[in-house]
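Read through the structure below, which is laid out as structure tokens, and then see the notes.
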Amino acid sequence: MRVLVVGSGGREHALAWKIASSDAVEALHAVPGSDAMQGLATCHPDVKAMDLDAIVALARSEASDLVVVGPEDPLAAGLSDRLREAGIAVFGPSAAAAQLEASKAFAKEFMARHAIPTADFRVFEDFDAARAHVLALDGVCVVKADGLAAGKGVAVCGEPEGAVAALTEMMRDRRFGEAGARVVIEERLEGEEASYYAITDGTRVTTLAAAQDHKRALDGDRGENTGGMGAVAPAPVVTEAVEKRLLEEVVHPAIAGMVADGTPYTGVLYVGLMIDRTGAPRVVEFNVRFGDPETQPLMLGLDGDLVPLLHGAATGGLGNATPVGFRGTAVCVVLASDGYPRSYPTGRAISGLAAAADQPGVEVFHAGTRRAANGGFETAGGRVLGVTARGENIEEARRRAYAACDEIHFEGMHLRRDIAERVLAG
Ligand code: AMP
Ligand code: GLY
């Protein structure tokens with residue numbers, strides 16, 4: 001099988017690493033890919049992930065049997081539709097189905113229509129009406145800009161001033177651009193967060209392990225929200241009993257609901273969850289692609305070939321693919337540039353990559369790096385590396401991941417020292 005991966009980050013590096021290990025794969029390409037992915041895939045740095053015409057042309061000229069789309073933007077822009085029209089199998093939903101992530105209002109209305117448990121919500125386009133609503137809630141709410149805001153555009157509020165300030169920033173100052181024209185105001189959920197991955201061909205579903213991200217920049221869940229500073233899979237909070245409820249109350253109704261609404265969903269449905277003390281799952285968000293950095297531990301721990309699942313989901317043949325289990329536990333620690341998630345320097349030399357990768361059970365996935373003039377790697381992004389380790393249990397996976405992190409150095413390197421610590425403490 002000839003496979004093309006779309007994207008260039010740590011998630012795509014991990015996907016390419018897993019796909020390349022499949023006996024079914026004879027050629028692997030990536031657009032644009034990254035310098036670090038060169039050893040796994042033929043990269044096409046001139047083709048950007050949002051250049052739909054060029055990607056369709058490349059998939060044609062490379063006779064791709066399967067295109068795997070990493071990020072959400074090209075999906076929302078219709079990349080899957082374009083590839084399908086060209087007769088090319090693609091892992092990733094249509095633009096219509098990608099609304100589940102691209103529009104928070106669409107997602108909330110979808111969940112209400114199909115009785116999928118989520119926070120109570122209201123949608124506002126008028127600032128004064130929105131302000132009156134948050135004041136009525138005494139400011140205890142979550143304010144979200146509609147539309148894609150690069151993981152930002154979400155304010156978890158606890159008092160009136162903060163909630164009104166968040167509304168003003170989004171609706172009046174347009175901090176997130178047009179995404180702030182409509183806001184969703186939600187009930188604030190309490191509990192433990194996790195993400196869950198359902199692969200589907202539109203009707204059949206196979207699930208991967210649950211994962212847990214660490215979104216705040218600093219230890220102890222302090223500091224700003226980031227794209228994710230580390231992740232663990234499986235997430236112990238998703239017990240067998242929680243998983244059963246999750247499938248019955250969320251995953252199956254969502255897949256059936258998309259069919260009923262005339263926009264069948266294919267690809268991976270990422271369910272962002274809050275799980276309360278009674279084990280009741282409620283949906284915080286749907287994403288229409290794999291999580292980053294959750295994909296890094298997910299790919300490292302999967303115990304079997306992922307490619308038949310990806311291809312089955314893309315072609316309606318998921319029923320013929322063998323489900324893939326998970327071995328032990330995997331932990332990913334993100335090494336970031338100082339200043340991330342705001343501004344940060346780039347071009348700093350990275351040392352110790354080979355020594356880190358030599359540690360048992362470790363893979364180092366590159367999120368924001370490039371080849372330096374001397375042949376080594378240097379930093380090129382906010383999140384630089386995802387140092388990922390597998391172990392028999394969380395303790396071993398953590399120990400290995402941090403031992404590998406200690407081999408790596410670049411000026412201003414920032415990491416959290418408590419990834420997967422809370423789940424360990426129970
Ligand atoms: P989102 O972009 O929707 O994933 O939101 C970003 C983060 O905000 C989530 O990972 C949660 O930590 C938090 N969040 C979003 N919605 C809620 C909610 N209704 N209640 C509590 N926390 C939330
Ligand atoms: N790590 C969160 C996300 O991928 O949305």
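We're numbering straight along the sequence, starting at 1. One-based numbering, in listed order, for ligands and for the atoms of each.
Of all the listed residues (L189, T118, D221), L189 holds the heavy atom that lies closest to atom 21 (C) of ligand 1. Of the candidates R282, E193, K144, E193 brings a heavy atom nearest to atom 10 (O) of ligand 1. Between E187, E285, M274, it is M274 that holds the heavy atom closest to atom 22 (N) of ligand 1.
S195 and Y197 form a side-chain donor-acceptor contact under 3.5 Å, judged by distance and modelled atom types alone. Between the side chains of E363 and Q296, no donor-acceptor pair of N or O atoms lies under 3.5 Å. Side-chain contact check for T329 and N393: no donor-acceptor pair (N or O, by modelled atom type) lies under 3.5 Å. For the residue pair T118 and K108, a side-chain donor N or O sits within less than 3.5 Å of a side-chain acceptor on the partner.
The single protein non-hydrogen atom nearest to atom 5 (O) of ligand 2 is R289 NH2, 3.1 Å, given as residue, atom name and distance.
Counting the atoms of ligand 2 from 1 in the order shown, those under 4.0 Å from a heavy atom of N287 are 5 (O). Those atoms of ligand 2 that come under 4.0 Å of a heavy atom in Y270, given as number and element, are 2 (C), 3 (C), 5 (O). Residue V154 approaches ligand 1 through these ligand atoms, each under 4.0 Å from one of its heavy atoms: 1 (P), 2 (O), 5 (O), 6 (C), 8 (O). Taking every non-hydrogen atom of A119 and a distance limit under 4.0 Å, the qualifying atoms of ligand 1 come out as 19 (N). Atoms of ligand 2 found under 4.0 Å from any heavy atom of E294 (numbered from 1 in listed order, with element): 1 (N), 2 (C), 4 (O). Taking every non-hydrogen atom of K215 and a distance limit under 4.0 Å, the qualifying atoms of ligand 1 come out as 10 (O). Near D213, the atoms of ligand 2 lying under 4.0 angstrom from a non-hydrogen atom of the residue are 1 (N), 2 (C). Set against the non-hydrogen atoms of V156, the atoms of ligand 1 under 4.0 Å away are 8 (O), 13 (C). If you number the atoms of ligand 2 from 1 as listed, the ones under 4.0 Å from a heavy atom of G291 come out as 4 (O).
Salt bridge annotation for D406-R417: present, with a cationic side-chain nitrogen under 4.0 angstrom from a carboxylate oxygen. At a threshold of 4.0 Å, the pair R289-E101 counts as salt-bridged, since one of the basic side-chain nitrogens sits closer than that to a carboxylate oxygen. A salt bridge between E178 and R174 is present, with a side-chain N of the basic residue lying under 4.0 Å from a carboxylate O of the acidic one. Salt-bridge check for D261 with R113: passed, with a basic side-chain N closer than 4.0 Å to an acidic carboxylate O. For D418 and R216, the salt-bridge test fails: no basic side-chain N is under 4.0 Å from an acidic carboxylate O.
Ring pair H414/Y340: centre-to-centre distance not below 6.0 Å.
Distances between N or O atoms of E186 and those of ligand 1 include at least one value under 3.5 Å. Here's the thing with D292: one of its N/O atoms is less than 3.5 angstrom from an N/O atom of ligand 2. Polar contact check, E285 against ligand 2: no nitrogen or oxygen pair lies under 3.5 Å apart.
When heavy-atom distances to ligand 1 are checked against a 4.0 Å cut-off, D213 has no atom that comes that close, whether in backbone or side chain. Neither the backbone nor the side chain of R11 comes within 4.0 Å of ligand 2, counting heavy atoms alone. With a 4.0 Å cut-off on non-hydrogen atoms, V142 touches ligand 1 through its side chain and not its backbone.
Put simply, the side chain of V384 reaches to within 4.5 Å of the side chain of T369, judged on heavy atoms. At least one side-chain heavy atom of V331 sits less than 4.5 Å from a side-chain heavy atom of I419.
Proximity of G228 to ligand 2 is not established, as no heavy-atom distance is less than 4.0 Å. Ligand 1 lies nowhere less than 4.0 angstrom from a heavy atom belonging to E190. Using a 4.0 Å heavy-atom cutoff, A231 is absent from the residues neighbouring ligand 2.
With hydrogens and angles ignored, the 3.5 Å screen pairs a side-chain donor or acceptor of D201 with a backbone N or O of L318.
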